[in-house]
Amino acid sequence: MPIIVNLDVMLAKRKMKSNDLAEKVGITVANLSILKTGKAKAVRFSTLEAICDELDCQPGDILEYVKE
């Protein structure tokens with residue numbers, strides 16, 4: 001998959017657990033897990049905005065395009 005989700009990296013850098021982020025962003029832990037593993041087919045901009053706000057980062061810190 002050419003889109004890589006680096007959410008684990010940002011969580012580790014911010015020393016935050018997935019459960020805490022899910023609660024603060026207002027999504028389920030299961031949905032956050034789907035996003036983290038790269039299995040999500042889409043992500044709402046409002047969700048991406050909330051994640052970036054909580055992790056104090058840019059969308060490009062979380063999402064990366066890798067040419068196959």
Any pair counted as side chain to side chain donor-acceptor pair (under 3.5 Å), so long as it reaches residues 7-22, sequence neighbours left out: Ser18-Lys36
Pairs satisfying side chain to side chain donor-acceptor pair (under 3.5 Å), at least one member in residues 58-67, at least two apart: Asn6-Glu64
Closest non-hydrogen atom pair between Cys52 and Pro59, with its separation: SG-N, 3.5 Å
Distance-minimising heavy-atom pair for Val25 and Ala50: CG1-CB, 3.7 Å
Side chain to side chain contact (heavy atoms under 4.5 Å, CB included) involving Lys24 - partner list, sequence neighbours excluded: Met16, Glu54
Ser33 (side chain) donor-acceptor with Val29 (main chain) under 3.5 angstrom: no
side-chain hydrogen bond (donor to acceptor under 3.5 Å, both in side chains) partners of Thr28, counting only residues at least two apart: Asn31
Verdict with supporting geometry, Leu63 and Val5, side-chain contact (heavy atoms from CB on, under 4.5 Å): CA-CA 5 Å; Leu63 302 174; Val5 181; 4.0 Å; yes
Candidate list Leu21, Ile62, Ile51, test side chain to side chain contact (heavy atoms under 4.5 Å, CB included), partner Leu11, passing option: Leu21
In one Ile/Leu/Val/Met/Phe/Trp/Tyr side-chain cluster, 4.5 Å: Ile27, Ile34: no
